[in-house]
Amino acid sequence: MRTPTLNKKQAGLILIILGILCALFVAIFLYFKVIRIPGFPELLPANETVAYLEFSTSLPPVILKKVNEEWMMNWQKDVMPWVGEKGAIVLLRGDSPIPLQPLLLLKVRSIEQAFAFMKAYKNPSGQAKELPADNFHAYSTPALNFVFVDSVLAVSPSQAGLMAFLKAQTSLQQHLSSQSDFIKTSKNMAAGPFSLYIEPRELPQEVWRAISQFVPHMPPIVLPFSAMGMTLQTHDGDWQGSSYALLNKSINLGQEQAYRALLLPYLPDDFSFLLAGQNLAVQIHKLEAMLGGETNPATVKSLIQAASQAYLPGLDFEKDIEPMLSGEFALTMDPSKILFVLQLDYKTAQTQIEKLRESFAKIAPTFAPQARDVELADGTKAQELIPDPTQVKIYSESFGGIAINGFLMGRRDALYDATTQGKWFLSTDLALLKKALSLTLEPGRSVRDSAWYRRSLSPIMKNPELLGMAILREGIFAFTKRTLSDSMETQFTFTTPEL
């Protein structure tokens with residue numbers, strides 16, 4: 001019987017198929033084995049890790065003081081002689097009634113010194129009981145439970161938390177180091193002495209309060225994210241960081257324009273809060289999409305629509321107001337006055353502004369009510385407030401050739417506006433409005449000339465679409481933000497008030 005042979009084409013095709021299979025095998029191997037974040041994440045179970053905070057053991061003074069107070073120790077004297085450069089605080093998913101199990105990981109330089117400290121910590125007897133754990137020497141004291149995995153010390157207040165950690169060392173489950181969300185957030189953040197990874201939907205509110213004790217000035221965390229990474233670093237008492245968050249669902253961005261911060265030179269620097277960005281309408285749409293859209297009954301747009309109907313009767317937000325918001329905008333506030341500046345991007349803007357003035361004039365009397373005596377059904381005497389049109393005065397003035405219009409409502413309330421150079425200025429304070437308008441006539445001191453702008457905002461102005469600043473008693477918090485179709489990137493700083 002003749003043995004079948006392969007011709008050159010068939011042999012070549014088989015070789016090509018074998019090459020593709022080998023390449024595919026190598027790619028799969030690299031994905032699961034090489035594309036990973038080294039260090040502590042290689043020890044943690046991916047599916048059970050809901051929060052991971054890695055830190056440098058050379059703690060800043062403010063955190064060092066908190067650690068010493070909370071844990072009743074002297075970190076520099078008791079821990080630094082044997083600890084390595086890195087540590088981590090981890091929250092593992094637990095069973096009811098304890099939904100989360102905390103875990104502390106420390107890289108150690110001397111296992112003997114670390115073991116001696118762990119046995120003596122809050123333990124007068126200085127003895128540690130060995131726990132049953134396959135292939136590991138795990139220990140328990142009245143204060144805590146711990147185990148050494150090579151040169152890593154793992155500490156947990158509960159045996160259940162420690163056993164959950166050890167289970168990950170002996171099973172074939174995926175580790176955090178190769179989890180796709182963790183890799184994606186880690187690769188998109190700058191390095192820093194503090195790095196945080198969280199899955200917000202898994203964390204109860206109590207966890208945020210616990211984390212904030214050790215990470216001062218952490219900005220509020222918004223929850224429409226499946227995963228979020230954050231890095232923090234400190235220098236001379238100031239904090240700077242960045243975050244990268246994966247959205248719960250992709251959003252449609254539409255056509256966007258770059259933000260150039262062209263309105264900042266027209267903002268006086270006497271305020272306590274600043275918010276500025278590109279296309280306020282798009283910012284509203286993004287927030288709406290992230291928070292759930294039609295699935296959320298109290299949506300952002302529905303609240304804005306209700307407000308516009310209350311204060312601008314006869315106008316529809318989407319039809320009459322939203323088209324005006326496509327350019328740059330800037331808002332400054334302090335406890336007694338507000339300034340809003342809008343770049344007008346289309347020819348009919350002046351007509352729309354006139355409509356807004358006419359609409360507001362209809363409800364202006366509600367801001368200057370008069371008290372009227374009334375008698376209730378049961379005969380009780382009372383007073384009710386009713387709008388009083390006689391208390392509303394129309395204001396107009398020419399300032400440097402710029403027409404200012406306004407409404408004076410009673411003794412205290414007022415609203416003024418003016419348009420110039422394609423910009424609409426709106427303020428509750430006439431002096432503030434004039435100060436802003438004067439910056440369009442000749443150069444003067446604005447936001448960009450202030451020392452705190454150069455120190456807080458300027459370092460993080462990296463292609464943002466939205467920026468903000470709050471001047472607080474404790475210091476200045478500033479941020480910049482950009483939202484992509486499936487993620488959101490944020491830069492932020494917290495600077496001490498001494499300038």
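- With hydrogens and angles ignored, the 3.5 Å screen pairs a side-chain donor or acceptor of Thr493 with a backbone N or O of Ser456.
- Here the two rings, on Phe477 and Trp452, have centers that are 6.0 Å apart or farther.
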### Pair Thr480-Leu457, side-chain contact (heavy atoms from CB on, under 4.5 Å): steps then yes or no
CA-CA 8 Å; Thr480 60; Leu457 257 181; 4.0 Å; yes

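- Interatomic distance, CG of Leu103 versus CG of Leu100, reported as 12.5 Å (0.5 Å rounding).
- Note: Leu342 CG to Leu263 CG = 8.0 Å, rounded to the nearest 0.5 Å.
- Pairing each heavy atom of Leu43 with each of His175, the nearest pair is C-CD2, 3.9 Å.
- With hydrogens and angles left out, the side-chain atoms of Thr231 and Ser195 include no donor and acceptor closer than 3.5 Å.
- Trp75 has its side chain out of reach of Ile63: every pair of non-hydrogen atoms, C-beta onward, lies at least 4.5 Å apart.
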### Message
What verdict does the salt bridge (charged side-chain N to carboxylate O under 4.0 Å, His left out) test give for Arg448 and Asp269, after you've listed the backbone C-alpha separation in whole Å, the side-chain angles of each residue and the deciding distance to 0.1 Å?
### Response
CA-CA 8 Å; Arg448 285 190 166 179; Asp269 63 352; over 6 Å; no

### Message
Could you walk me through whether Val90 and Val50 satisfy the side-chain contact (heavy atoms from CB on, under 4.5 Å) test, starting with their C-alpha distance in whole Å, then the side-chain angles of each, then the deciding distance to 0.1 Å, before giving a yes or no?
### Response
CA-CA 8 Å; Val90 185; Val50 296; over 6 Å; no

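- Phe479 places a side-chain heavy atom less than 4.5 Å from the side chain of Leu275.
- Side-chain N or O atoms of Thr419 include none that pairs as donor or acceptor with a backbone N or O of Lys423 at under 3.5 Å.
- Phe425 is listed as a side-chain neighbour of Tyr266, based on a closest heavy-atom distance under 4.5 Å.
- A donor-acceptor contact shorter than 3.5 Å is absent between the side chain of Ser243 and the backbone of Gly229.
- Heavy atoms of other residues, nucleotides or ligands lying less than 6.0 angstrom from NZ of Lys355 number 12 at most.
- Side chain of Arg482 to main chain of Asn463: a donor-acceptor pair is present (N/O by atom type, distance under 3.5 Å, no hydrogens or angles).
- The number of heavy-atom neighbours closer than 6.0 Å to NZ of Lys337, taken from other residues, nucleotides and ligands shown, is above 12.
- Contact detail for Asp334 and Ser272: the closest heavy-atom pair is CA-OG, 3.2 Å.
- Ion pairing of Lys481 with Glu465 is present here, as a side-chain N (NZ or NE/NH1/NH2) and a carboxylate O approach within less than 4.0 Å.
- Side chain to side chain, Gln101 and Ser158 meet the donor-acceptor criterion of an N or O pair below 3.5 Å.
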### Task
Kindly indicate, with the supporting measurements, whether the criterion side-chain contact (heavy atoms from CB on, under 4.5 Å) is fulfilled by Phe317 and Leu325.
CA-CA 11 Å; Phe317 176 76; Leu325 307 179; 4.2 Å; yes

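- Rounding to the nearest 0.5 angstrom, the gap separating the CG atom in Leu280 from the CD atom in Gln343 is 14.0 Å.
- A 4.5 Å side-chain heavy-atom check between Phe194 and Leu196 finds every atom pair outside the cut-off.
- With salt bridges taken as basic N to acidic carboxylate O contacts below 4.0 Å, none links Lys249 and Asp486.
- The distance from atom CG of Leu408 to atom CD1 of Ile394, rounded to the nearest 0.5 Å, is 8.5 Å.
- Of the possible donor and acceptor atoms, one in the side chain of Thr57 sits under 3.5 Å from a partner among the backbone N and O of Gly84.
- Contact of the Val341 side chain with the Trp424 side chain is not registered, since no non-hydrogen atoms from C-beta on lie closer than 4.5 Å.
- If you take CD on Gln174 and OG on Ser180, they are separated by 7.0 Å, rounding to the nearest 0.5 Å.
- Side-chain atoms of Arg412 and Thr428 include no donor-acceptor pair closer than 3.5 Å.
- Side-chain contact check for Leu356 versus Leu312: some heavy-atom pair is nearer than 4.5 Å.
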### Audit row: Lys66, Glu69, salt bridge (charged side-chain N to carboxylate O under 4.0 Å, His left out) steps and yes/no
CA-CA 5 Å; Lys66 192 70 176 178; Glu69 291 175 353; 5.0 Å; no

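- Under a 3.5 Å cut-off, the side chain of Thr440 and the backbone N or O of Leu437 do form a donor-acceptor pair.
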### Task
Kindly indicate, with the supporting measurements, whether the criterion side-chain contact (heavy atoms from CB on, under 4.5 Å) is fulfilled by Ile402 and Leu441.
CA-CA 10 Å; Ile402 303 172; Leu441 301 174; 4.0 Å; yes

### Message
Does Asp417 form a side chain to side chain donor-acceptor pair (under 3.5 Å) with Ser427? I'd like the steps, not just the answer.
### Response
CA-CA 6 Å; Asp417 80 283; Ser427 181; over 6 Å; no

### Message
Using the rule given for salt bridge (charged side-chain N to carboxylate O under 4.0 Å, His left out), can you reason through Asp238 versus Arg455, listing the C-alpha separation, both sets of side-chain angles and the distance that settles it, and then say yes or no?
### Response
CA-CA 10 Å; Asp238 294 345; Arg455 185 177 171 189; 2.7 Å; yes

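- The heavy-atom pair separating Leu315 from Ser359 by the smallest distance is CD1-CB, 3.8 Å.
- For the pair Glu54 and Lys107, the salt-bridge criterion is not met [side-chain N within less than 4.0 Å of a carboxylate O].
- Checked against the 6.0 Å centroid criterion, the rings of Tyr416 and Tyr395 qualify as a close aromatic pair.
- Aromatic pair Tyr197/Phe182: centroids less than 6.0 angstrom apart.
- Looking at Pro193 and Phe55, their side chains never come closer than 4.5 Å, going by heavy atoms from C-beta outward.
- Note: Leu247 CG to Met228 CE = 11.0 Å, rounded to the nearest 0.5 Å.
- What you find for Pro102 and Ser156 is that their closest heavy atoms are O-OG, 3.3 Å.
- Side chain of Ser438 to main chain of Lys435: a donor-acceptor pair is present (N/O by atom type, distance under 3.5 Å, no hydrogens or angles).
- The shortest non-hydrogen separation linking Leu439 to Pro268 is CD1-N, 4.0 Å.
- For Thr366 (side chain) and Ile363 (main-chain N/O), a donor-acceptor pair under 3.5 Å exists by modelled atom type.
- With hydrogens and angles ignored, the 3.5 Å screen pairs a side-chain donor or acceptor of Gln352 with a backbone N or O of Asp320.
- In terms of heavy-atom proximity, Pro313 sits nearest to Lys362 at CG-CB, 4.2 Å.
- No donor-acceptor pair under 3.5 Å is formed between the side chain of Arg93 and the backbone N or O of Thr49.
- Side-chain contact between Met230 and Ile198 is absent, with no heavy atoms from C-beta onward closer than 4.5 Å.
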